[in-house]
There are 2 protein chains.
Amino acid sequence: MQSVNRALLLVNKAAGAAPDGLSLNQAAEALGVAKSTAFNLLKTLVAHGFLREERPGPRYFLGMSLMRLGDLVGQQLPVAEISRPLLRELTVATGLTARVAVVDDGCPVFLERVDGPGMVRFHTPLGCREAPHASAAGKAILATYDERRVREICQAEGLVAHTRSTITDVEALLADLERTREQGFAIDDEEEAEGVFCVGAAFLDHQNRCLGALSVTGIRAEVPAWRVLHIGQLVREYADRLTREMRGQSAELPPQSLGAHSRRGDGR
Amino acid sequence: MQSVNRALLLVNKAAGAAPDGLSLNQAAEALGVAKSTAFNLLKTLVAHGFLREERPGPRYFLGMSLMRLGDLVGQQLPVAEISRPLLRELTVATGLTARVAVVDDGCPVFLERVDGPGMVRFHTPLGCREAPHASAAGKAILATYDERRVREICQAEGLVAHTRSTITDVEALLADLERTREQGFAIDDEEEAEGVFCVGAAFLDHQNRCLGALSVTGIRAEVPAWRVLHIGQLVREYADRLTREMRGQSAELPPQSLGAHSRRGDGR
DNA sequence: CATAGCGTTCGACTATAGCGAACATGCTGG
DNA sequence: CCAGCATGTTCGCTATAGTCGAACGCTATG
């Protein structure tokens, strides 16, 4: 499946090549193929709207089809649709950027975001994976797993340090997860990026397996110590609401009170 | 480029196959190829995250990469980023769903949307093309072109009727466009969908060529006759603001007052 | 327990995608 | 204004890589 591989790689290249786009020669060189080969690939991708050809001196950018398809991903996952109004409320209530992620192999993948009102914008593309051990959403997810599974994931992903505060030791991480379970929400205190503070909480499916997490993100200064508890409880509360609403739609289970702190899932 | 073609077709199939996803056999049949061929294609797409494989009984859905890439499209087009706060304001001011489209071969392609507060949700996927003759955004765009180009586009697209009110006659369309130019905004009065009312206005680049259009959408009942003028002027005003802000960023041209009704471009 | 339907693997054949060289085009600098 | 270069585009040959079909294993169902 060589040609398909190359085509898809090209799309990724075009994604990285902002804001000037990709030229034919760049494409050919990036793939290590002849110019004519890259030429054909590019034309095919353009024909399907996966790339956009901007003249003159053809430069290639991501195409409109990707936007349409990207939008559809969210619609295939019911989570995004349902969580949107909750994110909006959460943003208003906290003044922070609120996001929702689904879990993919233990990592949070962010589906949807509602930016806060502040000056600061965070570089948080939709659809991106974040590290499980260094993000509030990730730790909220891990906290629903049992120790064995957490160790597996840590092994697979590796506890790479993003900042000085990143937890790089498995035992320390397990302790942090225990605290997360106790208080009902996870905290990322500059563990993913310097100066950035996040709070996250997991939501569950009808079998109490973790589906994903809500989180709010702000700069450290926006979140003084005395606000943390309040924000944490708010995020927890909204995550529970999301759990209930997801159940309400996909299965007709009764809203069965979740209990304030009953997310002690077994992770499988 | 047969295999790439087939792969990209599969992605589109998977997009349409909501909410149950695509099975191997469906995929093979849809393409008219052997099962093993479809199998390889699917696996390759999954490896790149363009599709997601859900077990058991492997079903294929759109993958997370598409979401990430779709999000990036917007970032490569400066329009989406800049228009977002304007859309938000416009939604608040009108109580309607506000959207922004860029022009692609005369058709509006919608980049970004901010839903209104009402109960009604519109089925308006991002990245989708709409008919130029039957949407407010489309007519706002066409109104910036000269007669020859409008006729060309009509020829190419065909004036298909979506509802009883759709304009299917070129002369009538040209008259409507003239009115649009006079009042500064375009109106779609149930021409695209029954019961749906839209108002749109074009925004321009630094050479006064049409870049795209803003529009607001509501159900007919939300937009009584006496509100139309006010809403129209509002949309016109925001489109002009967008024009100015786009110029402010990409080129350092002075904000040069646009004049209330100076969008009489020549369309090329 | 049998069977039908699906996903998955394998090897052979041939169409197809890849290469390289030649041709076109559009800019830059002399 | 022309020459030269860099870039995009086309074409034919060749071998590779993608396609097919058939065989296998699994699960789900009557």
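Sequence lines set the chain letters: A, B, ... in the order given, protein chains first and strands last, and positions in each chain run from 1.
Among the atoms of the strands shown, only primed sugar atoms or phosphate atoms (P, OP1, OP2) are found under 4.0 Å from some heavy atom of B:V33.
Under 3.5 Å, the side chain of A:S3 and the base of C:dG18 form no donor-acceptor pair of N or O atoms. Put simply, the side chain of B:K35 and the base of D:dG21 share no donor and acceptor less than 3.5 Å apart.
In this structure, B:Y60 places its OH atom 14 Å from P of C:dC6, rounding to the nearest Å. Distance, B:L10 CG to D:dT19 P: 11 Å, rounded to whole Å. A:F39 has its CZ atom 16 Å from the P atom of D:dG12, to the nearest Å. Atom CG of A:L31 is separated from atom C1' of C:dC19 by 14 Å (rounded to the nearest Å). Taking atom CG of A:L24 as the reference point, atom P of C:dC19 lies 13 Å away to the nearest angstrom. Put simply, NZ on A:K43 is 17 Å from P on C:dA17, counting in whole angstrom units. We find that CD of A:E29 is positioned 14 Å from P of D:dA6, with the value rounded to whole Å. Atom-to-atom, CE of A:M1 to C1' of C:dT16 comes out at 12 Å; the value is rounded to the nearest Å.
Salt-bridge formation is not detected for the pair B:E112/B:R99: no Lys NZ or Arg NE/NH1/NH2 atom is positioned less than 4.0 Å from an Asp or Glu carboxylate oxygen. Salt-bridge formation is detected for the pair A:E53/A:K43: a Lys NZ or Arg NE/NH1/NH2 atom is positioned less than 4.0 Å from an Asp or Glu carboxylate oxygen.
Taking every side-chain heavy atom of A:A34 into account, C:dC19 is the closest of C:dC19, C:dG7, D:dG8.
Note on A:R6: a side-chain N or O is less than 4.0 Å away from OP1 or OP2 of C:dG18. In terms of phosphate contacts, A:T37 brings a side-chain nitrogen or oxygen within less than 4.0 Å of OP1 or OP2 of C:dC19. For the OP1/OP2 pair of D:dT16 and a distance below 4.0 Å, the side-chain nitrogens and oxygens of A:Q2 include no atom meeting the criterion. Taking 4.0 angstrom as the limit, B:N40 places none of its side-chain polar atoms (N or O) nearer than this to OP1 or OP2 of D:dG18. Contact between the side-chain N/O atoms of B:N25 and the OP1/OP2 oxygens of C:dG5 is not found at any separation under 4.0 Å.
Side-chain contact of B:H48 with A:N5: a donor-acceptor pair under 3.5 Å is present, judged by distance alone.
Considering CD1 of A:I82 and CZ of A:R244, their distance stands at 13.5 Å, rounded to 0.5 Å.
Contact detail for A:A186 and A:A140: the closest heavy-atom pair is CB-N, 3.6 Å.
Residue whose closest nucleotide on DNA chain C sits further toward the 5' end, between B:E53 and A:G32: B:E53.
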